[in-house]
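This report concerns only the one structure given below.
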Amino acid sequence: MKDIIITSQRQKAELRWLAASFGLAFLLNLAAIIIYKTEWSELYTQILWTLALTIVIYALITVVRIAYHLIRHILKGV
């Protein structure tokens with residue numbers, strides 16, 4: 001069986017994308033608290049929803065990145 005090697009540079013890049021996704025989800029939660037004038041305690045009580053949104057945002061970013069690389073690869077071959 002062939003070993004798969006994930007470099008530390010790739011791991012750091014993916015962690016940056018994940019951190020950016022969490023930052024965006026956190027800002028969206030913050031904006032919702034301000035817009036709907038709810039309790040500030042929701043900033044930490046709704047952390048599970050924030051983490052779920054982080055995963056959704058990260059998945060969407062990953063799909064876009066894969067599509068970009070596939071299109072780039074196809075056009076490079078032409």
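Atoms considered below: every heavy atom in the structure, side chains included; atoms not considered: hydrogens, waters and symmetry mates. For reference, positions follow the sequence shown, starting with 1.
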Flag yes if [X] and [Y] sit in one hydrophobic cluster, no otherwise; membership is Ile, Leu, Val, Met, Phe, Trp, Tyr, and two members link when side-chain heavy atoms are under 4.5 Å apart.
X: Phe26; Y: Ile34; value: yes
X: Leu30; Y: Ile47; value: yes
X: Leu27; Y: Leu43; value: yes
X: Ile33; Y: Leu51; value: yes
X: Phe22; Y: Ile61; value: no

Distance from [X] atom [atom1] to [Y] atom [atom2], nearest 0.5 Å?
X: Lys37; Y: Ile35; atom1: NZ; atom2: CD1; answer: 9.0 Å
X: Asn29; Y: Trp49; atom1: CG; atom2: CH2; answer: 12.0 Å
X: Leu15; Y: Gln11; atom1: CG; atom2: CD; answer: 7.5 Å
X: Tyr58; Y: Arg65; atom1: OH; atom2: CZ; answer: 6.0 Å
X: Arg72; Y: His69; atom1: CZ; atom2: NE2; answer: 7.0 Å
X: Thr62; Y: Glu14; atom1: OG1; atom2: CD; answer: 6.0 Å

### Query
Counting distance only, does the side-chain N/O of Thr50 pair as donor-acceptor with the main-chain N or O of Gln46 below 3.5 Å?
yes

### Task
Quickly, which of Thr54, Leu53, Leu60 forms a side chain to side chain contact (heavy atoms under 4.5 Å, CB included) with Ile57? Name it, please.
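It is Leu53, the one option of Thr54, Leu53, Leu60 that forms the side chain to side chain contact (heavy atoms under 4.5 Å, CB included) with Ile57.
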
